[in-house]
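Chain A is the first sequence line, chain B the second, and so forth, proteins listed ahead of strands; every chain is numbered from 1. Because the structure is a prediction, the values reported are computed rather than measured.
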Amino acid sequence: MNILAELRRRFATAIAALAPDSGELVELVLPSQDAKFGDYQANCAMPLGKKLGAPPRQIAERLIAALDVADLCEPPEIAGPGFINLRLRAEWLLTKLQVASADVERRGIELAAAPRTFVVDYSSPNVAKPMHVGHIRSTVIGDALCRVLKFLGHRVISDNHIGDWGTQFGMIIYGYKHFVDDAALAQAPVPELSRLYKLVNRLIEHEDQRDNQLPALRTKLAEQMERAQSLSAPPATGDEKADKQHAKKVRQAEAVVSELRTELAELEAKLAAFAADPEQSRLAKAHPRIGAAALAETAKLHAGDAENVALWRRFLPACLEEIDETYQMLGVTFDHALGESFYHDQLAGVVEKLQSQGIAVEDGGAVCVFLDGHEAPFIVRKKDGAFLYATTDLATIHYRLREWQPDAILYVVDHRQSLHFEQLFSTARKMGCGEMELVHVSFGTVLGEDGKPYKTRSGSAVGLKGLLDEAVERAYEIAAKSPQITSEDERRTAAKKIGIGAIKYADLAHNRTSDYVFSYDKMLAMNGNTAAYMQYSNARVKSIFARGEVNIAALRTSGAKIQFSAPAERALGLALLQFTEALARVASDYRPNHLTAYLFELASRYSEFFEQCPVLKAEDAALRDSRLLLCDLTARTIEQGLALLGIETVERM
RNA sequence: GCGCCCGUAGCUCAGUUGGAUAGAGCAACGGAUUUCUAAUCCGUUGGCCGCAGGUUCGAGUCCUGCCGGGCGCGCCA
């Protein structure tokens, strides 16, 4: 039951009676922020008053007269400039709670009246490269969105657009041809391939740092120093504004120089450290221009070279296995994992189509799409003939359109790629993709406690597996503290659920559009808006049934009635009925933090209830049953809510 | 140079798309209780919502300009 939607339906009729073309004003029916203003409030009398040229309070009266809510609300009240405050009738709430309680399958949550088809594109790691902290948000947010949309009755197709056809594979092939340890490969392919990738990657990185980055940085530093120098002796113009702007430019130029200096020092230190390792320097000397060589292997693969294609076929399963291990740990699955390689034979066709439609033109040897509002073109074919991820993404849209006819494709990808998606979507629309909604579900960066992007001390990306392991390890301490858990086995299982849950919840609880600071201590805290707190709340609620030896499943369908004997019960009951609204919000703006906020709110309502209302020691059996049912519905809501976030619960904690 | 995003309590973050007196957790301080799991609950302190204008019944939210920060910008993904 979606109370808000129901109230809006009722108001739509009333508004139409006053002003036929003001349907959008139903959006101004909202949950009240303060209980003293009732449960919900309608704020449409003010704009309507303006439109109709009448005092808002008078409009409010006319709205109420035209409004048919007697079955669900107490008589509406007008307050302030014309707010209409609505308080739901207890009997009505109780009826709806009773329905939710008895509905074992879906606890009263209705399926979408108009189901849509969503393709959700998320996670998208590069095979060969170990997954790192940068993949966590996409994976976790995408998974949660899939679960919520599916639960609401939509058709959801999750597709992991893995990078299985790029340069990293060239590196592995190069590594295999020059550094392979055959015995190790035969025994355990995954670690050996991983070793090869890392080795080649490090050599290429070093080469790039030495031959490209270092000189470039030096040049840039010299330029900027010169610039700072030339700025530092300004002619005082007497114009205050111009002088201020000049001073700002000087400050900025100096800051840039100091930043570049630090950068240069760091780079030099890295190169020195590399040179100090005799084995590494030997390899670097033995493999000059390794970057170009790896690219050549990639090019051969793309060109269909028999040996490289065979190696690709041979190595890919092992690489996927490695990734799957992480997904298993996270409890994340996909309907499809159609990677870049799946589209490689469709790319030429995409470019041809763009050109024949006159959307793309050749420019400087490359095939480009020039778009309004963008200076830089969207390049779909390089001058050397190779295709880019822009090309693959367009081919992917075509394939999805043809194969699944989606109403929307969601790309759960970090915000730095927003320009790419703007261009991609514009180009796709030019090519024609109907009414389909294309959404970049963007998110911010995971930061360390210093406020900078989360990195290891040496400056490399933090491996995802290690990150998860550490969370589980730390969660073990929580499990070990529980007097409820007695077996080592249960402790281990609980630690996994608490640790993984903590990481996921911390991520999902933040507004995805902002960056957030990664902190084990905060995410594993037993207080506040964390998974551990929610899991603990749930375990505590459920412990009541065991202690009271209650067969709660039987009670649900026994016909026992829920009643409100105290304000805390009513407040809890109302919160329980608002679960649907939270889910609807998640689905409408693709933001799971609406659900975490709801769950935390629900847990607070439950705490107050639990404090004020004895359950097992209730005055009489009927009240005890009623409260048990409220407890049960709370636990089921928390469990269902966490499950929709991809988070498991524990029985004891 | 151009474009996008951000600035809310000491810290970490919400703020239902323009609604009433801006919220939560942590930290600090003060209370409660013979526990249904004290991993609790209640209260107090703490805010020029970066600054200045504007729009209107009403602005943390919208528009403009500044200040401060992040990110991106032709052949990487």
Side-chain angles (χ1 to χ4, degrees), chain A residues 4 27-28 30-34 36-37 41 43 46-47 49-50 55-56 79-83 85 124 126 163 166-168 241 244-245 248 340 363-368 373-384 386-390 392-393 414-420 422 442 444-445 447 449 451-453 478 481-484 506 509-511 513-517 519 521-522 525-530 532-533 536-537 539-541 543-544 547-548 581-582 584-585 588-589 591 593-594 596-598 600-601 604 607-608 610-618 627 631 652-653:
Chain A
L4 183 60
E27 303 282 315
L28 295 178
L30 294 163
S32 297
Q33 291 196 1
D34 194 318
K36 77 179 168 206
F37 300 131
Q41 59 179 256
N43 305 332
M46 283 79 81
K50 168 145 257 185
F83 296 108
N85 292 338
S124 314
N126 280 320
T167 325
Q168 341 82 29
K241 196 177 168 190
K244 250 175 89 179
Q245 289 209 336
K248 183 184 165 186
E340 291 169 343
D363 189 271
V367 180
C368 304
H374 297 287
E375 228 170 277
F378 195 53
I379 297 177
V380 292
R381 200 180 71 200
K382 299 198 282 181
K383 66 180 170 198
D384 68 4
F387 302 109
L388 300 98
Y389 81 135
T392 313
D393 279 356
D414 82 278
H415 73 279
R416 283 173 302 189
Q417 295 198 37
S418 57
L419 178 59
H420 167 72
E422 265 176 48
S442 76
T445 312
L447 306 175
E449 303 209 37
K452 292 194 207 136
I478 292 176
K481 262 175 76 181
S482 168
Q484 314 288 324
H510 287 85
N511 184 334
T513 57
S514 44
D515 296 346
Y516 89 95
V517 176
S519 158
D521 288 337
K522 287 213 165 75
M526 291 304 301
N527 282 315
N529 194 8
T530 67
Y533 176 73
Y536 176 66
S537 300
R540 231 174 82 157
V541 178
S543 73
I544 290 176
R547 176 176 283 265
E581 288 170 40
R585 252 174 281 143
S588 76
D589 50 10
R591 275 178 43 191
N593 71 310
H594 286 136
T596 60
Y598 166 78
F600 185 57
E601 174 81 19
S604 303
S607 275
E608 286 151 23
F610 185 71
E611 191 72 15
Q612 290 164 32
C613 304
V615 179
L616 295 175
K617 297 175 193 164
R627 288 178 176 167
C631 289
R652 284 185 293 259
M653 194 166 163

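- When each of Leu419(A) and Ser607(A) is assigned the nucleotide of RNA chain B with its nearest heavy atom, Ser607(A) is the one assigned upstream, toward the 5' end.
- Side-chain N/O atoms of Ser537(A) include none lying less than 4.0 angstrom from OP1 or OP2 on rA39(B).
- With rA77(B), rC2(B), rG15(B) as the choices, the nucleotide that has an atom nearest any side-chain atom of His594(A) turns out to be rG15(B).
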Please list, pair by pair, any protein nitrogen or oxygen found under 3.5 Å from a nitrogen or oxygen in nucleotides 19-23 of chain B.
| unit_1 | atom_1 | unit_2 | atom_2 | d |
| --- | --- | --- | --- | --- |
| rG19(B) | O2' | Gln41(A) | OE1 | 3.1 |
| rA20(B) | OP2 | Gln33(A) | OE1 | 3.3 |
| rA20(B) | N7 | Gln41(A) | OE1 | 3.4 |
| rA20(B) | N7 | Gln41(A) | NE2 | 3.4 |
| rA20(B) | N6 | Asn85(A) | OD1 | 2.4 |
| rA20(B) | N6 | Asn85(A) | ND2 | 3.4 |
| rU21(B) | N3 | Lys36(A) | NZ | 3.3 |
| rU21(B) | O4 | Lys36(A) | NZ | 2.6 |

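- Counting non-hydrogen atoms under 4.0 angstrom, Asp589(A) reaches a base of the nucleic acid.
- Looking at heavy-atom distances under 4.0 Å, Leu4(A) makes no contact with the nucleic acid at all.
- Taking side-chain N and O atoms only, Asn593(A) has a distance below 4.0 Å to OP1 or OP2 of rG15(B).
- Atom pair Asp515(A):CG and rU12(B):C1' shows a separation of 13 Å (rounding to whole Å applied).
- Distances shorter than 4.0 Å separate some side-chain N or O of Arg547(A) from OP1 or OP2 on rU37(B).
- Within the 4.0 angstrom heavy-atom criterion, base atoms lie near Lys383(A).
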Using a cutoff of under 3.5 Å, can you pull out all pairs of nitrogen or oxygen atoms linking the protein to nucleotides 25-29 of chain B, with atom names and distances?
| unit_1 | atom_1 | unit_2 | atom_2 | d |
| --- | --- | --- | --- | --- |
| rC26(B) | OP1 | Asn527(A) | ND2 | 3.4 |

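- Residue-level contact check: Ala376(A) touches the backbone only, with heavy atoms under 4.0 Å from sugar-phosphate atoms and none from bases.
- Listed pair Ser543(A) / rU37(B) meets the phosphate criterion, a side-chain N or O lying under 4.0 Å from OP1 or OP2.
- Position along RNA chain B of the nearest nucleotide to Met653(A) versus Glu449(A) favours Glu449(A) as the more 5'-ward residue.
- Note that SG of Cys368(A) and NZ of Lys382(A) are 13.0 Å apart. Values are rounded to the nearest 0.5 Å.
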